Amino acid sequence: MATDLEHELAELLDVESFAPEAAFRDRALIADDRVHREAAEDPAGWWLKQAKALSWFREPTVALDDADPPFYKWFTDGTLNASVNCLDRHVEAGRGDRVAFHWRGEEGEVRDVTYADLLADVQRCANALKAHGIGKGDVVGIFLPMIPEVVVAMLACARIGAIHNVVFGGFSAESVRERMEFSAAKALITVDGARRKGRTAAIKAQVDAVGMPVRTTFVVRHTGIECPMGDGDVWWHEALAAADPVCPPEELEAEHPLYILYSSGSTAKPKGILHTTGGYLTQVAWTHRHVFDLKPDEDVYWCSADVGWVTGHSYIVYGPLANGCTSVMFEGAPDYPDKDVWWKLCAELGVTIFYTAPTAIRACMKWGEQYPARHDLSSLRLLGTVGEPINPKAWLWYHKVIGGGRCPIVDTWWQTETGAIMITTLPGAQAAKPGSAGTPLPGIAARVVDDAGEEVPRDTQGYLTLTRPWPSMLRTLYKDDERYVATYWEKYGPRTYFVGDAARQDADGYFWVIGRVDDVLNVSGHRMSTAEIESAIVSHPKVAEAAVIGQSDETTGQSVTAFVTLEGNLEGDEALEAEIREHVAQRIGKLARPKRIIWSDDLPKTRSGKIMRRLLRDIAEGRELGDVTTLRDPDVMSRLEARVKELQAEDGA
Ligand code: WTA
């Protein structure tokens, strides 16, 4: 029987758009379309004006340098330091005692870290890095859980002009090694152990087992578990204690690299997305303030992402700190010790702005509204989502159950490559439509086009493109300009950025993003490449060949399904399935493990040997098969179809 809530949500499904309530709009930073209009007149000049909200050593006078597309530059004659913008200027303005992070540990530990605390630690850490021979332009790897030290490490790099390369804690040590190697990192900052739902993983031991190609490894003492220390290993706390407490910031050009973040593309080799300082910080700070309607003196902001993804870089670290606000940083998972832990923290800390992923909302929905109902969520005033399209049902649940029907929701579309939010609604000025991200932000231009680059009519699906450079755009792929051009600028030329998403624009100009058009999967809002997972599976000695596809999944959006052909006459069984899953966890990380493995004696291939993933997707989703005559062996398909039906029958039983 349907509950009252289900009835209510079903009725709301007919509501096309939700305008901001007067109570919100009256106090909103932006409450009409003037900013959009002003920016449209001179987008680059408008961004230059927004850049002045930062603190510069030398203020820029040049906005965009587009002399050598697609190698765009912003604010080239300006100099600044990101750590000064995130810390010093707030402390100098007398706000050193403000809490930057209410850090909460998995077992309920409490650490409130102020801006002054961060500045002190960042200076010591910066000096410790210098003492170990790290300077401007050197790459430093960071492999840490959600603890305040991760912020200190990132900003210490920024202070001396070193480039940080953070690897998400859910990746395997093998992935870390690969990323350290690709980026020629000089040092790695990691941890003794990391906690997850009551268990502790021995991170340093795992890192040692793989061996890192770095000179120095700094180790944060966090869980206190036994931790092997060898040559070149340095305890973080000892290095900081020994370091000089004062480290003047480097004066850096706006285009000085700030960080590399590896992300999945359509080949097995991850892409080292490079962001620089002035443009990135300008757009991240502007969007964090205006998309979230931030009042730094009043708000308590919480972005539930992990700092190891771009969302964490831009909207846990750089945006919130540049704006001097108070955030929540939570070490744990949303269902430990119980499924109400997020809402308990929201109530305890008076969270006003909450930013999370659709997959998390769908999980909460499945657990039931009794968990949020245990807590008073009346402090919330604005909600946000990111990472994948949100289905209207989940949007409405979020609006109703978490937001009490009163909080606007901003659905923010962007990518690791874009660095900051690009398409969304300004919550006091624009109505939200459940399922649509909204319109390009001021200063941003997007278009839906066909294969030839012609704009398609409204309400027609096509390729999403960005047609004007923006300050926080990636500058290149680290040490791989060629791949940068080939991936993003070859299809439509050096002035139209190819996003890799399918989308349509409605009659009101709102964008509806449909999903990826390349071989990139989106599992729980995490980007993964089919090629990368395939290559991990094939590296298992018993596997001859593998093809990976994304299957729709009610909770995670997509899930990983692998079609696997074994060597010789080997037969697949449950034990081997577990072995392969574990093998993928070792090579890439647990998040990449296939949910399903389907044994097959051959894979559908074209005569030139290319695997037809489209056909595998059709089989897996139970769709009518298209033309199979181009296949080398058309019989493969009927055998596979029979096998999948068998499996589905077993699942159903
Ligand atoms: C998808 C995460 C629909 C999209 C910040 C994009 C979205 C990819 C949305 C980037 C959204 C992100 N609506 N789709 N609001 N946000 N995406 O690099 O396919 O991890 O290309 O960056 O996620 O993922 P990435």
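Since the structure is predicted, the reported quantities are computational estimates derived from the model, not experimental observations.
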Does the pair His288 and Tyr301 meet the rule for a ring-ring contact (aromatic ring centres under 6.0 Å, His included), with working shown?
-> CA-CA 10 Å; His288 183 256; Tyr301 163 87; 4.5 Å; yes
Any luck finding a side-chain donor-acceptor pair between Gln430 and Thr439 under 3.5 Å?
-> yes
Taking atom types as modelled, find out whether Gln505 and Tyr510 have a side-chain donor-acceptor pair closer than 3.5 angstrom.
-> no
Nearest 0.5 Å please: distance from the NE2 atom of His90 over to the CG atom of Asn323.
-> 7.0 Å
Glu253 versus Thr79, side-chain donor and acceptor atoms under 3.5 Å = no
Walk me through it: do Glu255 and Thr276 pass the test side chain to side chain donor-acceptor pair (under 3.5 Å)?
-> CA-CA 5 Å; Glu255 282 297 343; Thr276 59; 3.0 Å; yes
Taking all heavy atoms of Ile353 and all of Val351, pick out the closest pair and write down the distance.
-> O-CG1, 3.4 Å
How about Phe354 and Trp342: are their ring centroids closer than 6.0 Å?
-> yes
Mark yes or no for whether Thr425, through its side chain, and Gly438, through its backbone, hold a donor-acceptor pair below 3.5 Å.
-> no
Would you kindly say whether Gln415 and Tyr497 are connected by a side-chain donor-acceptor distance under 3.5 Å?
-> yes
Pair Asp77, Thr61: side-chain N/O donor-acceptor within cut-off below 3.5 Å = yes
Please determine, by modelled atom types, if Lys271 and Thr487 share a side-chain donor-acceptor pair under 3.5 angstrom.
-> no
Find out whether the Lys NZ or Arg CZ of Lys491 is both under 6.0 angstrom from the six-membered ring centre of Tyr463 and within 45° of the ring's axis.
-> yes
Any side-chain donor near an acceptor of the partner, Asp506 and Trp512, under 3.5 Å = yes
Taking C-beta and beyond as the side chain, do Val99 and Tyr115 meet within less than 4.5 Å on heavy atoms?
-> no
Positive for side-chain contact (heavy atoms from CB on, under 4.5 Å) with Pro442, one of Gln50, Arg34, His36 = His36
His313 and Trp309: side chain to side chain donor-acceptor pair (under 3.5 Å), yes or no, with the steps?
-> CA-CA 7 Å; His313 281 56; Trp309 302 103; over 6 Å; no
Begin from the C-alpha positions of Met146 and Met329 and carry the test side-chain contact (heavy atoms from CB on, under 4.5 Å) through to its verdict.
-> CA-CA 7 Å; Met146 289 284 283; Met329 185 186 218; 4.0 Å; yes
Taking C-beta and beyond as the side chain, do Arg475 and Tyr280 meet within less than 4.5 Å on heavy atoms?
-> no
Residues 389-399 vs side chain to side chain donor-acceptor pair (under 3.5 Å), sequence neighbours excluded, gives Arg362-Asn391
side-chain contact (heavy atoms from CB on, under 4.5 Å) between Asp501 and Ile514: does it pass, once the steps are laid out?
-> CA-CA 7 Å; Asp501 283 357; Ile514 292 147; over 6 Å; no
